[in-house]
Number of protein chains: 2
Amino acid sequence: MKESGSPTLEQVAALAGVSRATVSRVVNRSPKVLPDTVAAVERAIGQLGYVPNRAARALVTRRTDSVALVVPEPDSRVFSDPFFAGMLRGVSRTLAPTSSQLVLLIEPAEGDDQRLLRYLRGGHVDGAIIISHHWRDNVLQELAQLPLPIVFSARPLGVDVPVASVDVDNVAGARTAVEYLLSLGRRKIGTIAGPLDMTAGLDRLTGYKEVVSEAGLTEAVAYGDFTADGGEAAAQQLFDQHPDLDGLFVASDLMATAALRVLSQRGRRVPQDVAVVGFDDSVMATTTTPKLTTIRQPLEKLGARLAEIVLAKIGGAELTSPEIYDTELIIRDSA
Amino acid sequence: MKESGSPTLEQVAALAGVSRATVSRVVNRSPKVLPDTVAAVERAIGQLGYVPNRAARALVTRRTDSVALVVPEPDSRVFSDPFFAGMLRGVSRTLAPTSSQLVLLIEPAEGDDQRLLRYLRGGHVDGAIIISHHWRDNVLQELAQLPLPIVFSARPLGVDVPVASVDVDNVAGARTAVEYLLSLGRRKIGTIAGPLDMTAGLDRLTGYKEVVSEAGLTEAVAYGDFTADGGEAAAQQLFDQHPDLDGLFVASDLMATAALRVLSQRGRRVPQDVAVVGFDDSVMATTTTPKLTTIRQPLEKLGARLAEIVLAKIGGAELTSPEIYDTELIIRDSA
DNA sequence: TTGTACGCGTTATCAG
DNA sequence: CTGATAACGCGTACAA
């Protein structure tokens, strides 16, 4: 008469007057069970409030019904990043209808890579989504080579094996931004780039350079680190060196807000004197004065694809190439 | 000679020349094992790269070594909320050194409560942290009564059983904000409150009302919904009805940025004409012009406590009362 | 201190 | 279509 804990398959079987095996079949929707039997079992299940024991199931099936969302960077910015939030939403929406759970794996401190790798190797999850922005010695490479379905949230820098990844076309996005400034008649266009150890930093700078060069203009580049302070320093430096800029493409909205402040301090009007375009279309883009014209990324869709891809790979699909999505120019008041 | 998959206790035992039980003891740090034996076993473990099988372990110990982070609201705003990000960081930092994993549980669509409850009841996690802001019919109450260690991220509205919770003193925080405006010589102070189905909305309004009433001033309240648009509408309405306000306390930074824009449109200077204080100290507080004076919440600490509390409860501690933390006034340029 | 043996709840393989 | 029964990998009384 042990009825502590949740009811087991055994108890359901007893109540329904069938064997454990049959109950298992019903639970797993095996097609070859008589409708009457199914009904009886389901009644018993409902009556007892039976829920399959995940551990027991995992033990035998060798599947855990869970996928990891890995953030292999102690960098706390990742979380405050609207990028992460948007992705997360897409991922969780897609995973929800599935039986799969989302396990959050974060590198708590610099250099604790091994912890993550060991966990992933330990068969605790069926697959993993890696959200990594920075180049990280060889951690990314090790992750990419794990014997586990894996997908990256961006083309991982420094990984030389083919991997599945989902990303936005950063080069094209930057091109759109700069071309738009061009279409506005701006001819002295500068950029505040992100760090070059991140695809987002690298590719957006490339896009800028391409367009500027194609238009026969001269480059004006300063580097920020995707933070407000870094953006501010970069903006100061850029306008010290190039006081006559009339167009500015900033590689992230956060840095763009800093640039806006710097311009205001220097008495330069936006967009009249300097037209500014950001990147991300995060909340901040609408909380500044003037509101930011920016490049939007379909974050939720990216997240959804990320989830779909791991799921597919877990299901046996072979996917080892990047998927690239388009960005969209959102015109507001700053350009 | 089956060596597919990860190595098992059995294999480690064979290699180390001991029994499975002994290896198990070493793995679980049992004190009564000879140092020599320990060394031999550890060598074998290292050699094979053995990692305990979580499922097998969970099956027998009836512990899953994982705690759920539950967001029982389909409200997508939760993720973009810096509040969530900060908390998450604290939680994950605290959980990291533990063997516990963080499982993210999100209500994908309105009314899918049962899914969450079933999962939590299914013994899939050892405990749960509930991040809920809104009053939700009786879901919160059901969550609170689950036979599982649980802690809420804020005093859950409409729950009439004692529960463990961690929160900031919203009333005191709002009081600080309004008293600061008072100290600046402002006497016509209005507020943009949050929705009253959220503790944050309710308590911050209470704090405002207390101070205004104690100072013998008259109230001027408009309600927003913690979004930029809602904040804008509320600000418009507030200044339509009370054009002479010289002080404004806004229940969230996001809404405050909207208020700033409205004031700028109306040609009222901040802080000269109207001093504005926000709440949260989110990134946006520093991306506006002028930068926002606001009330900071120790988010990471709150998250850490949340994690510590579930862990303690899982360990058998009886904790069913709220913990309240102080806020801090961050003075910038808007007041 | 170490080894033996059993049970945890499921799925899967065979018979029937 | 259904029922025994053997794994799955591990922890732990109990025995040695």
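In what follows, chains are A, B, ... by sequence order, proteins preceding strands, each numbered from 1.
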Atom NZ of A:Lys32 to atom P of C:dA12: distance rounded to whole Å? 14 Å
Indicate yes or no for a side-chain donor-acceptor contact from A:Gln141 to the backbone of A:Asp160 under 3.5 Å, with no hydrogens or angles considered. yes
Can you tell me if the side-chain N/O atoms of B:Asn28 get under 4.0 Å from OP1 or OP2 in D:dG11? yes
Contact under 4.0 Å: B:Arg62 side-chain N or O vs C:dG9 OP1/OP2: yes
If only atom types and distance count, is the side chain of A:Lys313 paired as donor or acceptor with the main-chain N or O of A:Glu318 below 3.5 Å? no
Counting the atoms with a prime plus P, OP1 and OP2 as sugar-phosphate, which does B:Val18 contact under 4.0 Å by heavy atoms, base, sugar-phosphate, or nothing? sugar-phosphate
Considering just the side-chain nitrogens and oxygens of A:Thr22, establish if one lies under 4.0 Å of OP1 or OP2 belonging to D:dT2. no
Indicate whether OP1 or OP2 belonging to D:dT2 is found under 4.0 Å from a side-chain N or O atom of A:Thr37. yes
When the distance from CZ of B:Arg20 to C1' of C:dT2 is rounded to whole Å, what number comes out? 14 Å
Five pairs per end, C1' atoms only: what is the angle between the end axes of the helix from C:dT1-D:dA16 to C:dG16-D:dC1, to 10 degrees? 30°
Check the distance between C:dT10's P and B:Arg54's CZ and give it to me in whole angstrom. 20 Å
Tell me the closest heavy-atom pair linking A:Val70 and A:Ala128, and the distance in Å. CG2-CB, 4.1 Å
Looking only at side-chain N and O atoms, does A:Thr8 come under 4.0 Å of OP1 or OP2 in C:dG9? no
Check every strand shown and say whether B:Val33 touches a base, only sugar-phosphate, or nothing at a heavy-atom separation below 4.0 Å. sugar-phosphate
So, does B:Thr98 use its side chain to make a donor-acceptor pair with the main chain of B:Ser100 at under 3.5 Å? no
Tell me whether B:Arg115 is salt-bridged to B:Glu107, with the criterion being a basic N under 4.0 Å from an acidic carboxylate O. no
In whole Å, I'd like the distance from the CG atom of A:Asn53 to the P atom of D:dC8. 18 Å
Where the side chain of A:Ala56 is concerned, which of D:dA4, C:dG9, D:dC10 is the nearest nucleotide? C:dG9
Comparing nearest nucleotides in DNA chain D, the 5'-proximal residue of the pair A:Leu34, A:Leu59 is A:Leu34
D:dC10 C1' sits how many Å from B:Arg63 CZ, rounded? 15 Å
NE2 of B:His124 versus C1' of C:dG9: gap in Å, rounded? 13 Å
Shortest non-hydrogen separation from B:Ala55 to A:Ala58 and the atoms involved: CB-CB, 3.7 Å
Side-chain N or O of A:Ser24 versus OP1/OP2 of C:dT10: is the shortest distance under 4.0 Å? no
Measure CD/B:Glu10 against P/D:dG9 and give the value in whole Å, please. 10 Å
Pair B:Arg305 + B:Glu323: basic N to acidic O under 4.0 Å: yes
With the side chain of A:Val60 defined as its heavy atoms from C-beta on, choose the nearest nucleotide among D:dG3, D:dC8, D:dG11. D:dC8
Separation of C:dT1 P from B:Arg25 CZ (nearest whole Å): 10 Å
Treating A:Thr94 as the side-chain partner and A:Gly90 as the backbone partner, does any N or O pair qualify as donor plus acceptor under 3.5 Å? yes
